[in-house]
Every structure is written in structure tokens, then in C-alpha cells.
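Treat the numbers as computed from the prediction; the structure is a model and nothing was measured. Throughout, a chain's letter reflects where its sequence line sits, starting with A, and its residues are numbered from 1.
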Amino acid sequence: MLRKINCFFHFPKHVSFSSSSNPCTCQLPLSSFPPSSPYLKSLCSNGQLGEALLEMAFQGPAMKFEGYDALLNECVNQRAIREGQRVHAHMIKTCYLPPVYLWTRLIVLYTKCDSLCDARRVLDEMPERNVVSWTAMITAYCRKGYASEALNLFIQMLRSGTEPNEFTFATVLTSCIGPNGINLGRQVHSFIIKTSFESHVYVGSSLLDMYAKAGRIHEARGVFECLPERDVVLCTAIISGYAQLGLDEEALALFRRLQMEGMSSNYVTYASLLTALSGLAALDHGKQVHNHVIRSQLPSYVVLQNSLIDMYSKCGSLTYSRRIFDSMPERTVISWNAVLVAYSKHGKGNEVVELFELMREENEVQPDNITILAVLSGCSHGGLEEKGLEIFYEMETGRFGVEPEIEHYGCVVDLLGRAGRVSEALDFTKKMPFEPTAAIWGSLLGACRVHLNVEIGDSVGRRLLELEPDNAGNYVILSNLYAYAGRWEAVRALRELMKEKAVIKEPGRSWIELDQILHTFHASDRSHPRREEVSAKVMELSVEFKEAGYVPDLSCVLYDVDEEQKEKILLGHSEKLALAFGLIATPKGVPLRVIKNLRICVDCHNFAKFVSKLKGREVSLRDKNRFHQIVGGICSCGEYW
DNA sequence: CTAGGGTTAG
């Protein structure tokens with residue numbers, strides 16, 4: 001209605017203006033009034049999409065490029081798909097022939113409104129396409145995770161003779177992520193070199209990320225070093241590349257170097273850095289990053305807060321972890337998962353269950369498969385097998401909206417095995433709808449070792465060795481079990497088999513952080529400046545502990561040497577070195593926080609209990625899977641890990 | 001008009 005009034009107001013003015021240039025205009029019928037593009041544009045820029053659509057209807061076939069452009073622009077801004085469809089329909093009805101630009105705006109509109117089919121239809125039906133139209137569609141497929149559609153379309157684009165540009169390359173490479181995409185990615189890389197886009201930062205970041213995510217970190221680094229220009233995203237990509245591969249020291253070192261060279265950081269950079277610090281359990285560094293984040297008054301980014309939750313928990317500080325979680329103005333499922341995992345790894349089963357109940361009560365975010373995994377493994381580590389089973393059966397009814405996957409079944413096997421219900425666990429693996437993985441057999445074997453079930457352990461262990469002949473850990477556990485049972489012949493046979501298959505054990509490393517320095521120890525590495533002193537201290541402790549009842553567990557040594565040698569090997573284990581160093585280098589009563597890259601061995605676990613009891617230190621040991629919080633000789637793991 | 005890096009688990 002408003003428009004009509006306006007129209008009449010404008011009428012006389014318009015006629016007088018037009019008549020001066022073209023005297024015939026005043027006789028034209030009403031429908032051919034020259035349209036008021038500025039008016040339509042102002043409606044659009046005010047966000048009055050409804051009014052603007054009325055104006056469009058009023059103008060009918062007189063609609064011009066500017067009007068459509070303004071309308072589509074605002075539809076994109078508002079993600080207004082229905083309104084956009086009306087504009088689209090109007091073009092068709094009035095036989096308007098849009099230029100490529102407008103067709104492309106339609107594609108963009110549909111992709112931003114998650115209507116990829118509509119977008120694709122436009123692309124297929126428009127009379128001609130340019131690089132932007134193709135790229136917009138490819139980008140949409142990439143973002144939605146439709147990698148093969150994206151790549152097919154890219155190929156179709158090349159066949160059509162359209163030259164890709166830097167936008168196309170930056171986006172299409174994100175669909176070459178993963179082991180299968182790498183070959184195609186290399187081809188795209190050579191194409192990029194041929195077309196001279198290889199020094200473009202956006203293209204470079206994408207390329208780098210592709211190599212990093214395929215585990216080809218040297219190639220990623222090569223791309224990084226060759227780029228003439230660097231920005232935050234590129235620097236973050238290489239740092240997170242290292243961090244995601246567990247190359248935490250490299251990530252940290254590179255961050256330091258780049259920072260000295262003047263790199264700017266943003267919240268993504270910090271999140272990636274925190275991932276590396278979590279891996280290293282570098283609490284002092286982590287706190288420094290946290291302080292920096294607070295001081296620089298960054299807005300509250302959920303992603304960054306999530307990283308902080310994880311960092312504190314993996315550095316052993318559950319309190320801080322929870323504090324971050326509680327202070328967050330908004331949380332995603334990842335925030336909940338991170339804090340659930342935190343409690344789970346610390347063996348706090350009750351807290352896990354409590355928090356999960358709170359999550360369901362608040363009902364702001366829906367649990368996902370990882371949530372349930374964290375809860376189940378929390379119940380397992382926390383000794384709540386009945387509760388865990390209850391939750392698993394509830395999951396099977398579909399109550400959480402998450403379908404049970406093989407990992408969930410694995411948790412139940414772990415749960416039953418840990419509770420000593422080993423044969424039930426074995427039955428469960430037979431009944432579950434998945435083929436058991438090596439991890440599941442491994443957890444069952446662990447249960448057999450702890451509960452000394454040689455019969456099941458024997459058959460499970462054999463299957464496991466067939467399935468995973470290269471994993472040294474399996475040989476160790478099975479050998480432990482045979483040793484407990486006094487089956488020395490079997491121990492020997494296992495050792496032969498290991499030699500035959502040339503299984504290489506990943507070297508065990510342990511470290512401890514003192515004043516922002518990580519002191520790393522390794523059984524056969526003598527590079528630490530105080531290494532001699534540390535070894536002497538271990539010997540001294542061993543003597544002292546033996547008087548108090550410590551008996552070295554020689555079954556932890558797989559080498560075929562005499563007992564004296566075995567004991568010597570045990571005393572060289574990296575965990576003991578790190579503990580001894582902690583005792584030497586910190587004042588009495590200070591808790592010791594030791595991190596190990598592998599599972600901790602039974603003997604070292606025992607040794608640590610003596611440290612806590614006889615030396616009056618709380619010992620926090622983080623191994624590959626979980627935390628061992630040892631106070632007064634009692635460990636939070638309940639002797640099962 | 002079209003583009004790159006990120007947090008939980010394993």
C-alpha cells in the first residue's frame with residue numbers, strides 16, 4: 001500500500017522529467033512505469049524484504065538487474081530461501097534473462113541456505129557458467145563434506161574449459177583430505193604449479209593442510225617454507241599440523257620461532273597450541289597461554305575454552321578444567337565431552353555420571369557418540385560397571401539418539417573385563433553385531449592378565465597376535481600372563497616369535513615439567529645433564545623401598561637375560577628416572593607430575609606407590625590412557641589400567 | 001558473486 005501512495009506522489013514529477021527527453025512517455029500504460037530501482041534498493045538495505053518483494057511484483061517485467069541484485073543480496077544476508085525462490089520464479093515468469101552474475105548469486109543463495117540441490121539445478125540450467133559459479137558450487141560441496149561431488153564437479157569444470165582460480169584451488173584441496181585423497185591432491189598440486197598459483201597464501205594453506213592431514217608433515221613443511229607470504233591462517237595450519245600428528249615439541253618450537261619472527265596469533269592459533277601443550281602436559285606453558293588469552297581480552301570463543309578445558313585436564317588439573325567449563329557463557333557438545341573425558345581419565349566415575357545427568361536435564365545440547373563413549377569409559381575406569389551397563393542398554397533402546405558403534409561395544413567389554421567378569425566379556429564379543437577389533441581383544445587380554453585368567457587369555461592373546469603382530473605391547477601383556485602362570489616355556493616361545501617378526505617396541509619416554517622446562521628421560525638415552533645423579537638416586541630408592549617390601553616384578557622384562565640384568569633393566573625404566581629426578585629437583589612435599597608416552601608397566605606403578613608412601617609425595621602419573629593419582633601408596637586406578 | 005587454519009574420542 002505504501003508503495004502505491006509513493007507512486008502517485010512520484011507520478012507527475014516523473015512525467016515531466018521523462019517528457020522532456022521523450023514526449024511519448026506520458027502516454028504509456030501504467031504497467032510500464034519506469035521502475036524505481038533506488039526505492040527497491042533502499043527497502044532491501046533496510047532489510048524490508050517483504051516490502052521489497054511487493055515492489056518486485058509491482059514492477060513486473062520492468063524489473064532490471066539492479067533490482068534483482070539488491071533483492072538477492074538481501075536474501076543471501078538473511079538466508080531467506082523462500083523469498084529467494086520467489087525472486088527466482090519472478091525472473092522465469094517475466095522471461096528475464098539474467099547475466100551470469102545473477103545466476104551465480106542464486107547459486108550462492110541456495111548454497112548458503114543449505115539447499116544444494118536447488119543450487120546445482122541452477123548451475124546445470126544456466127546458459128553459461130564462469131569460474132565463480134563453478135567455484136561457489138564446489139565450495140558448497142566441500143563444506144558439506146561431499147568430497148566426491150566436489151571433485152567430480154571440479155573435473156567437469158576443467159572439461160568445460162573454464163580455468164580455475166585461487167579460490168577454486170583453495171577450496172577443492174579441502175576435498176582431497178585423507179589417505180585416499182592424497183594422490184588426487186598431488187595432481188592438483190602439480191596443476192597449481194603449472195598455473196602459477198603455488199605462491200598464493202590461501203592456496204598454500206590448503207595445500208599444507210592437506211599434506212599435514214595425510215601425515216606427510218615434511219611435505220607440509222616444504223609448502224610452508226616455500227611461500228613468500230605468511231599470515232595467521234598459514235602459520236596456524238602448520239602448527240596444528242604438527243600438533244594433530246602428536247609432534248607436540250615441534251609444534252611448540254615452531255610456535256616460539258614464528259612468534260619471535262612476528263607472527264600474529266588468533267584464537268585458532270591458541271587452540272592449536274593448547275592441543276600441543278595438552279599432549280606434553282606442559283601445565284606451566286598452558287597457564288601462560290591462558291593468562292595471555294585473559295589479558296588480551298579476546299572475546300569468549302567456545303573452541304578456545306574447549307581447548308583450555310582439555311589442556312587443564314590433560315595436565316592433571318581437574319579443578320581448573322571444571323572451572324573453565326563452569327564459567328563458559330555457552331557450551332557445545334564438545335565442551336561437555338571434554339569435561340566428561342577429563343573426569344573419566346581421572347577415574348572419577350561418579351562425577352562422570354552426575355555430569356551426564358546434568359547434561360540431560362539441561363537439554364541444551366544433545367549427546368553424541370563421543371559423549372556416550374566418555375560416559376561408558378568413565379564408568380569403566382571409575383569401577384561403576386552396573387551403571388555403565390545400564391547406560392549401554394539405555395543407549396540400545398535409542399534413548400540418547402546415538403546408535404551404538406563398535407567403540408561402545410568395546411567399552412562394555414572393558415567394563416565387564418575390569419569387573420572380573422571375563423567370560424561374560426568374551427560372550428559379549430561373540431554376540432555383538434561387529435567383528436571385534438584388535439583394541440577389543442587387547443582390552444580383554446588386559447582383563448585376563450589382571451584377573452589371572454590364563455585359559456581365556458591364552459586364546460584371546462593368540463588371536464590378537466595374529467591380528468596385530470606388530471604391536472609389542474600385546475606380547476608384553478601376554479608374556480606377563482604366562483609368567484604369572486609359571487609357563488616359562490610359553491614365555492620363551494613368545495620371545496622367539498617376537499624376534500622372528502622383528503617387532504620393535506616403541507621406546508618408552510617419561511617427562512616431568514619443572515619451571516617451564518620439560519625434562520625427558522628415556523631408558524637408553526643418557527643426554528640429560530643430571531642423568532648420572534638420577535640413576536644413582538633410583539638405585540638408592542630401590543634399596544630403601546626393598547626394605548619396606550618392594551619386590552621388583554621381573555616379569556615386566558621381556559629380554560632373555562639373568563635376573564640381575566632384568567632388575568637393572570627395570571631400574572632404567574623412564575618413569576623411575578623421571579620420578580627420581582622429581583625427588584632430587586623439587587623441595588620436600590611438592591607433588592610429582594610424571595607423564596609417560598606408553599602404558600605404565602606394573603613394576604613402575606608399584607615403585608611409584610612406594611615413592612608416594614615413603615617419600616610423602618603425591619604422585620600423578622599420566623600414561624597413554626589415563627591418570628594414576630597416587631596418594632599414600634593408594635592409586636586411583638584401582639590396580640587396573 | 002567464489003577461498004585457506006580450530007576444540008572432544010581413537
Atom pair OG1 (Thr371(A)) and CG (Leu355(A)), whose distance is rounded to the nearest 0.5 Å:
10.5 Å
Any base atoms under 4.0 Å from [X], or only sugar-phosphate, or nothing? Heavy atoms, all strands.
X         : value
Ser272(A) : sugar-phosphate
Asp69(A)  : nothing
Ser205(A) : base
Asn369(A) : nothing
Asn73(A)  : nothing
Glu405(A) : nothing
Val201(A) : base
Glu166(A) : base
Arg143(A) : sugar-phosphate
Thr275(A) : sugar-phosphate
Tyr301(A) : nothing
Lys624(A) : nothing
Val172(A) : nothing
Leu373(A) : nothing

Would you call Glu261(A) and Arg230(A) a salt bridge, taking side-chain N to carboxylate O under 4.0 Å as the test?
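Salt bridge flag = yes for Arg230(A) with Glu261(A).
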Of the non-hydrogen atoms in Ala281(A) and Arg622(A), which two are nearest, and what is the gap between them?
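Answer, listing the atom of Ala281(A) first, then Arg622(A): CB-NH1, 3.5 Å.
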Which atom of Cys113(A) lies closest to which atom of Ala80(A), heavy atoms considered:
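Scanning both residues completely, I find the closest heavy atoms to be SG-N, 4.2 Å.
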Which residues pass the ring-ring contact (aromatic ring centres under 6.0 Å, His included) test with Tyr96(A), not counting sequence neighbours?
Tyr68(A)
Can you name the ring-ring contact (aromatic ring centres under 6.0 Å, His included) partners of His200(A), sequence neighbours left out?
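So His200(A) forms a ring-ring contact (aromatic ring centres under 6.0 Å, His included) with Tyr202(A).
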Validate the cation-pi geometry between Arg323(A) and Tyr320(A): distance from NZ or CZ to the six-membered ring centre under 6.0 Å, angle to the ring axis within 45°.
yes
For chain A and DNA chain B, what are the first and last nucleotides along the strand, 5' to 3', with at least one atom under 4.0 angstrom from a heavy atom of the protein chain?
dC1(B) to dG10(B)
